[in-house]
Undergrad: 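Sending over a structure as structure tokens; questions will come in a sec.
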Amino acid sequence: MDDVIVPEADDLGTAVGLHAGFPNAATTSGQGALSLDRLLIRSPSSTYFFRVRGHHWQGEGIYDGDIAIVDRSITPSEGSTVVWWTDVGELRIARWHHNMQQNTWGTITATIHQLVPIFD
Amino acid sequence: MYALIDSNNFFVSCERLFRPDIIGMATIVLSSNDGCAVARSNEAKALGIKMGEPLHELKRRFRIIDGPTSTPRERRPRRSPGEKKDDNERSDVTTFGGASPSSDYSQTGVVPYARPELVVFSANFHLYGDISRRIARTLARITPRIELYSIDEAFLDLGELNISDYTVWGRVLAARIYHDIGMPVSVGIAPTKTLCKLAADYAKHHPESQGSCFIDAGTSTSAPRERRPRRSPGVERAGSEQSDASTRVRGKPLTKTIDGFAPVTATLLASTPIQSIWGIGWRLAPKLKAEGIRTALDLARLRPQRAEQLMGVHGRRMVAELCGMSCIPLQSIHKPQQVVSRGRQFGHDTNDFSVIEAAIASMTTSATAALRHEGQLATRASARITTHRLKPGYQAISRDVHLYTPTSNTGTIASQLARLMQHDFDNHLSYHKVEVTLWDLVPDTQLQTDVFGTVDSQAHTRSTTLMHTLDALNSKHGNGTLRYAAEDLSHAWHPRKTLASQAYTTDWLQLPEIYAIQ
């Protein structure tokens with residue numbers, strides 16, 4: 001708990017309103033080295049990572065073993081790719097539709113498909 | 001004005017974040033040695049499980065379900081009929097669901113299937129620490145005036161914020177933390193930190209308050225308000241009349257102000273037993289009760305002089321705080337730590353010095369890693385070993401070493417502490433606990449010289465580099481990849497972490513899983 005508090009990406013000039021794409025924070029020139037965190041994570045405190053298990057979403061480009069980046073602060077809209085849980089409480093990938101409100105865990109904003117794993 | 005943001009059943013809520021399947025099931029988290037319950041879900045509280053209740057007692061009353069392995073996926077095959085349970089479950093879980101009870105049951109006298117289920121986890125501080133930091137970051141964006149009081153509580157100073165309706169503000173904040181981070185919290189807002197505690201507690205136990213309660217003690221100091229009973233300040237909700245009624249404590253609104261308290265505040269104080277007040281410990285509560293002081297209201301009515309007689313300056317301050325006069329300011333978080341301490345209980349009490357030496361080395365490793373992370377050096381180190389507090393002949397040995405050159409070097413500190421301890425160690429005693437503390441910390445940028453005014457700076461640099469390499473390797477490959485030879489010769493002292501969930505958020509190899517299936 002004694003960590004230094006660091007400002008989050010959306011303190012640094014990103015609008016509070018939500019956009020489908022990613023705002024300019026990561027692409028602005030003059031920011032020094034490129035940061036994947038800035039590119040992929042809009043709000044660090046509401047972003048979680050998951051490991052994808054299963055092949056059903058391959059057609060959509062989400063593969064077994066991928067890392068899914070999930071931002072809970074983004075409100076899903078019709079057709080968003082989300083994490084939700086089934087009646088027995090299993091977390092799954094789904095296309096969001098409005099009657100899933102109760103069981104929605106968060107919105108998947110990106111997946112990482114590593115060709116050469118660094119951690120193994 | 002202050003706000004307290006207090007997570008509800010924090011450890012259990014953390015465990016539930018990635019486990020929607022255990023929502024609604026009675027769940028507890030155990031202390032680091034799996035000894036007793038340190039966090040309970042509301043369902044567990046409703047079953048009468050007490051804070052600190054030992055696991056072995058709970059095993060008699062409940063069917064213990066192993067938290068980490070009870071996921072929907074792992075549970076499914078177990079349902080097949082006639083399947084034998086694991087060995088370690090046999091005593092707790094006998095035949096379930098209609099089969100004739102076995103002999104275990106006649107011994108215990110409890111019908112097995114009558115026992116309620118209880119989901120049990122070991123403490124997972126990687127997870128709890130990460131979630132706690134997420135909440136802290138979110139709060140720090142509201143105001144930099146923040147005090148992280150504990151892993152699950154933070155105070156905010158709202159003085160410089162422009163908030164028109166505190167209750168609504170608190171409710172929006174609670175909803176946001178739940179939505180964005182996934183943690184249920186209660187927000188208590190009041191002119192003093194002590195009242196914040198009471199307000200947050202009220203919000204926690206009254207679902208209709210939607211996680212937020214505002215106590216305004218200061219605005220109603222005059223005679224009874226006749227014309228506007230519904231709009232009287234005090235515990236206030238969103239402003240609509242029907243919601244106003246639901247916040248009144250126990251549905252018995254007082255119509256007069258009492259000793260200057262707004263009616264609703266007075267009712268809240270009157271319904272708060274003395275031992276629930278922040279700062280009244282188990283030692284003070286019986287003493288006050290003997291004086292006839294049973295509720296927060298009794299205490300708030302006390303004359304300051306009398307309070308000081310009973311409890312010292314502390315008491316005077318507490319009375320003022322309950323009356324809405326702030327005396328306990330926010331503690332800054334940026335103050336570097338003055339002491340780093342690491343302690344652990346042995347899995348089994350031991351009189352084997354090699355085990356104790358291993359534990360000292362391991363605690364020193366952990367403490368010095370924290371020190372290096374903060375960029376600090378220690379000038380004093382101490383080790384303390386104690387026998388079991390609850391067994392007869394309780395004994396403690398404490399040894400102190402002055403480090404003439406301030407250091408964060410694990411080897412230097414651990415070897416000196418172990419040598420001193422060996423000298424005084426009594427092998428007729430069984431030791432229960434070991435603790436290593438580093439004192440008088442200084443920043444490593446201003447390395448002070450020792451009494452002779454000399455610093456072997458080359459040796460210092462060498463040891464710093466070695467230590468950073470050690471930390472880097474441990475952080476890359478997991479703690480404990482590289483160790484000192486003395487560390488952990490025996491696993492006897494190591495806590496039994498059998499029921500801990502994975503480090504979901506702090507290790508790429510332990511991420512929670514989502515299923516891409518139909």
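In what follows, chains carry the letters A, B, and so on, assigned in the order in which the sequence lines appear, proteins first and then strands, with residues in each chain numbered from 1. Bear in mind that the values here come from a model prediction, so they are computed numbers and not experimental data.
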Undergrad: Any chance you could measure Arg92(A), atom CZ, to Tyr515(B), atom OH, to the nearest 0.5 Å?
TA: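 Nearest 0.5 Å value for the CZ-OH distance: 10.0 Å.
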Undergrad: Measuring heavy-atom distances to chain B, does Val83(A) have an atom under 4.5 Å in its side chain, in its backbone, in both, or in neither?
TA: side chain
Undergrad: Considering only heavy atoms from C-beta outward, does the side chain of Ile514(B) approach that of Val52(A) to under 4.5 Å?
TA: yes
Undergrad: Apply the test side-chain contact (heavy atoms from CB on, under 4.5 Å) to residues Ile67(A) and Leu511(B): give CA-CA distance (whole Å), side-chain angles for both, the deciding distance (0.1 Å), then the verdict.
TA: CA-CA 9 Å; Ile67(A) 290 170; Leu511(B) 296 180; 4.0 Å; yes
Undergrad: Between Thr86(A) and chain B, which part of the residue has a heavy atom less than 4.5 Å away: side chain, backbone, both or neither?
TA: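 Answer is neither: Thr86(A) stays 4.5 Å or more from chain B.
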Undergrad: Quick check on Asp87(A): does its CG atom have over 12 non-hydrogen neighbours (other residues, nucleotides or ligands) under 6.0 Å away?
TA: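 At most 12 heavy atoms, drawn from other residues, nucleotides or ligands, come within 6.0 Å of this atom.
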Undergrad: For the pair Phe50(A) and Glu513(B), evaluate side-chain contact (heavy atoms from CB on, under 4.5 Å) and give the outcome as yes or no after the intermediate values.
TA: CA-CA 5 Å; Phe50(A) 287 80; Glu513(B) 297 183 333; over 6 Å; no
Undergrad: With a 4.5 angstrom heavy-atom cut-off, which part of Tyr128(B) approaches chain A: side chain, backbone, both or neither?
TA: neither
Undergrad: Quick one: does Tyr504(B)'s side chain get under 4.5 Å of Phe49(A)'s, heavy atoms only?
TA: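 A side-chain contact is absent here, since even the closest heavy-atom pair is not under 4.5 Å.
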Undergrad: Could you pull out the closest heavy-atom pair between Pro20(B) and Gly89(A), with the gap in Å?
TA: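 The pair with the smallest heavy-atom distance is CD-O, 3.8 Å.
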Undergrad: Is there a donor-acceptor pair under 3.5 Å between the side chain of Arg176(B) and the backbone N or O of Ser73(A)?
TA: no
Undergrad: Examine whether an atom of Ile131(B) lies under 4.5 Å from a heavy atom of chain A, and if so say whether it belongs to the side chain, the backbone or both; otherwise answer neither.
TA: side chain
Undergrad: Locate the shortest heavy-atom distance separating Arg51(A) from Trp508(B); write the atom from each residue and the value.
TA: NH2-O, 3.0 Å
Undergrad: Can you name the nearest heavy-atom pair linking Arg137(B) to Pro44(A), along with the distance?
TA: NH1-CB, 3.0 Å
Undergrad: Students often mix this up, so state it plainly: with edges at 30° and 60°, are the rings of Tyr48(A) and Phe18(B) parallel, tilted or perpendicular?
TA: perpendicular
Undergrad: What part of Ile112(A) lies closer than 4.5 angstrom to a heavy atom of chain B: side chain, backbone, both or neither?
TA: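 Neither part.
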Undergrad: Can you measure from NE2 (His55(A)) to CD1 (Ile517(B)) and round to the nearest 0.5 angstrom?
TA: 11.5 Å
Undergrad: Which pair of heavy atoms, one from Asp180(B) and one from Ser46(A), lies closest together, and at what distance?
TA: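 Asp180(B) and Ser46(A) have their closest heavy atoms at O-CB, 3.1 Å.
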Undergrad: Taking atom CD of Glu78(A) as the centre, report whether more than 12 heavy atoms of other residues, nucleotides or ligands fall under 6.0 Å from it.
TA: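 Correct, the count exceeds 12.
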Undergrad: Is it the backbone or the side chain of Trp57(A) that comes under 4.5 Å from a heavy atom of chain B, or both, or neither?
TA: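 Contact with chain B involves both backbone and side-chain atoms of Trp57(A).
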Undergrad: Backbone N or O of His179(B) within a donor-acceptor pair of the Arg72(A) side chain at under 3.5 Å?
TA: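 Flag set: sc Arg72(A) to bb His179(B) pair under 3.5 Å.
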Undergrad: Step by step, would you call Leu17(B) with Trp105(A) a side-chain contact (heavy atoms from CB on, under 4.5 Å)?
TA: CA-CA 9 Å; Leu17(B) 180 57; Trp105(A) 200 95; 3.6 Å; yes
